[in-house]
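Atoms within a ligand are numbered from 1 in the order they appear, just like the ligands themselves. Position 1 is the first residue of the sequence; numbering continues from there.
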Amino acid sequence: MKFRLIILLVFASFCARAQEIIPRPNEYRQSGGFFRLPETVSISSSDTCFSGLIPVFATSVKKYTSLDFQVKQKNGAIRLVRNPKILEKEAYRLKIEPRNITVEAGYPAGCFYALQSLIQLLHSFGPGKTIACAVISDKPRYEWRGFMLDESRHFFGMAEVEKILDMMALQKLNKFHWHLTDSPGWRIEIKQYPLLTGPGAKGNFSDPEAEARYYTQKQISTIVQYAADRFIEVIPEIDMPGHATAAAKAYPEFSGGGSKKFPDFTFHPGKDGTYGFLTNILKEVASLFPSGYIHIGGDEVSYGNQQWTGFPEIQLLMKQKELKDLTDVEHYFLKRMADSIQKSGKTLIGWDEIVSAGLTNHPRIMWWRHDQPQMLDLALKNGYEVILCPRIPLYFDFVQLNSHKSGRKWSGKYAPVESVYNFPSDQFTGGISIATPLVKGIQANLWTETVHTNERLEFMTFPRLSALAEAAWTNKEVKDYESFRGRMKNMEDIYRKSDVRYFDFMHPEEATEISGPEMPKN
Ligand code: ACM
C-alpha cells in the first residue's frame with residue numbers, strides 16, 4: 001500500500017496538470033490517463049488561419065523548454081483545429097489525450113492563448129514526462145487586460161519593452177498602454193516637429209541633463225508589430241493639456257505656463273496654434289498605431305494652470321465662449337481635442353478627470369483616483385466605458401511590502417501581490433458596484449519616478465504582473481490565492497529562464513529590495 005503511494009507521489013511529481021497554469025483556466029475537467037511527451041514535439045495546423053501562430057510558438061518552445069520541435073503538414077502531436085462553434089475571439093478549448101493534444105478555437109487569438117497555456121505546461125518537462133489528460137474550456141473574464149509603462153520619467157528601451165510584452169503574452173494580457181510623453185521627456189519621434197525629440201527628449205526624472213532618449217517611428221512600428229504577433233494592442237498616450245513640460249522645451253510657443261513647482265506644465269488652451277500643433281501630432285500618432293484608441297491623458301491639470309487667467313488670449317476665449325472658470329477652459333480644450341481624435345477615426349481614452357468634461361464622443365475612462373470613487377460612479381452614470389486602474393492596488397510604483405523603502409504609499413496603504421490578486425472587489429472600488437458591462441477590464445500602471453533601472457522595473461512589475469493576469473482573466477469563483485502561490489513556483493522558474501528579476505514574495509523578509517530614487521515630497 002505504502003509502496004503504491006510512493007510510486008503515485010513520484011509519478012505525480014513528473015506530471016503537469018493543466019489547471020496549473022497562470023492565469024488559471026476557467027473550466028478544467030480531468031479526463032483520466034496521461035499524455036507522454038515524445039522526443040520531438042510536433043505541431044500541425046489544419047487551418048491556414050492558425051499556421052501564422054506557429055513561428056512565435058516555436059520561439060517560445062525554444063526559449064522556455066528543452067524540447068526539440070518540428071512543424072508537420074498533418075497529424076502533429078499538437079493539432080490546431082478551427083472550431084467555428086467557438087464564437088468568442090479569445091476563447092479556446094484544449095484537449096489533452098494520451099496520444100495528442102488538440103487546440104480548438106474559432107479565431108487566432110483563442111488559438112494563441114491555448115498555445116500560451118501549453119507552453120507553461122511544457123516548459124519544465126523533457127521527453128518521457130507526462131501531462132494529465134484533461135479538457136480545458138477557457139475564455140477571459142475581462143476584454144481589457146492591461147499594463148501601462150511610463151517611459152518619460154525613465155527610459156528603458158526596445159529590449160525591455162519586448163521582454164515585458166513576452167511576459168504579458170504568456171499570461172494572456174492584451175493591452176500595452178505606452179505613456180510616451182510627460183514632463184521629464186518626450187519619447188516618440190514626430191516627423192513634423194523634430195525638436196520634440198531634440199531638446200524635448202533630453203533629460204529624465206533623475207537627471208535633467210541625461211542624453212536624449214526616444215523611440216524613432218521605425219522602432220515604434222517594430223514594437224507595435226512585435227506586440228501584434230502576440231495579440232497585444234499598443235495604446236499610445238500623448239498627455240495633455242498638463243504634463244507638457246518636455247514639449248514646452250521644444251516648442252515654447254505652445255506652452256500655457258505653469259507654477260513654481262511645475263514650470264511650463266500645460267499647453268496653451270487660448271491659442272489656435274496649440275490645437276493645430278497637437279492635432280498634427282495626433283495625426284502622426286494615429287497612423288503609427290493601428291489601435292482604435294488614443295489616450296490623451298487629461299490628468300492633474302490643476303497642478304499647472306495657475307497662470308492661465310493672466311494670458312490675454314485665455315481671457316478673450318473665456319469671454320467669447322462664455323467659460324466661467326478655469327475648469328471650463330480645461331473642458332473646452334478637451335472637447336476640441338476629442339473632436340480631433342474623432343476625426344482621426346479613433347476612440348479617446350482619458351484619466352478620470354475627463355469624466356466631468358461633458359464629452360459626447362463616448363470616451364473610455366481610466367479610473368485611477370482610488371480616493372475618489374465618485375468619479376467611477378459618475379463615469380458609469382454617464383454611460384462611459386471604464387477601465388479600472390486605481391492606485392490601490394494597481395499602481396506598481398507603490399511598494400509591495402510594508403518594509404520596502406523605495407516606492408510610494410498612500411496613508412500607509414500600498415500594493416502587495418495579494419491585493420492585486422484580489423482585485424476587483426468592493427474594498428477597492430469604494431463600494432461602487434462594477435457588475436456592469438460598462439466595466440471593460442483592469443490595468444496596472446507603472447509610473448517610473450522611483451524606477452530608474454531595468455532591474456528595478458522588473459522587481460516592481462513581477463510577480464505582480466502574474467497576479468494581475470489572473471485577476472483579469474480568471475472568474476471570481478475559480479480564483480484562489482493559495483493555489484496561485486503554489487502555481488507561481490512554475491512561473492518563477494519561467495521568470496528565471498527569461499532573465500526576469502522579481503520580488504520573491506514567498507520569502508518576503510529574506511528578499512533583497514532592489515531600490516530606487518526617493519519620490520520627492522509634494
Ligand atoms: C495619474 O496617475 N496621474 C494618472
- Query: Counting each atom of ligand 1 from 1 as listed, which ones have a heavy atom of Glu300 under 4.0 Å away?
  - Reply: 3 (N)

- Task: Apply the test ring pair (Phe, Tyr, Trp, His ring centres under 6.0 Å) to residues Trp410 and Tyr395: give CA-CA distance (whole Å), side-chain angles for both, the deciding distance (0.1 Å), then the verdict.
- Result: CA-CA 11 Å; Trp410 186 284; Tyr395 270 26; 9.3 Å; no

- Query: Salt bridge check: are Arg391 and Asp371 linked by an N-O gap of less than 4.0 Å?
  - Reply: yes

- Query: Does the distance from a Lys or Arg side-chain N to an Asp or Glu carboxylate O, for Glu385 and Arg364, drop under 4.0 Å?
  - Reply: yes

- Near Trp447, which atoms of ligand 1 are under 4.0 Å from a heavy atom of that residue? 1 (C), 2 (O), 4 (C)

- Would you call the rings of Phe484 and Phe505 parallel, tilted or perpendicular, where under 30° means parallel and over 60° means perpendicular? tilted

- Audit row: Trp178, Phe147, ring pair (Phe, Tyr, Trp, His ring centres under 6.0 Å) steps and yes/no: CA-CA 9 Å; Trp178 212 357; Phe147 176 70; over 10 Å; no

- Message: With nothing but distance in play, are any N or O atoms of His243 less than 3.5 Å from an N or O of ligand 1?
- Response: no

- Query: Backbone or side chain, does any N or O of Trp351 fall under 3.5 Å from an N or O of ligand 1?
  - Reply: no

- Nearest to atom 3 (N) of ligand 1, what protein heavy atom do you find, and at what distance? Asp299 OD2, 2.8 Å

- Message: Taking 4.0 angstrom as the limit and counting only heavy atoms of Tyr395, give me the atoms of ligand 1 inside it, by number and element.
- Response: 1 (C), 2 (O), 4 (C)

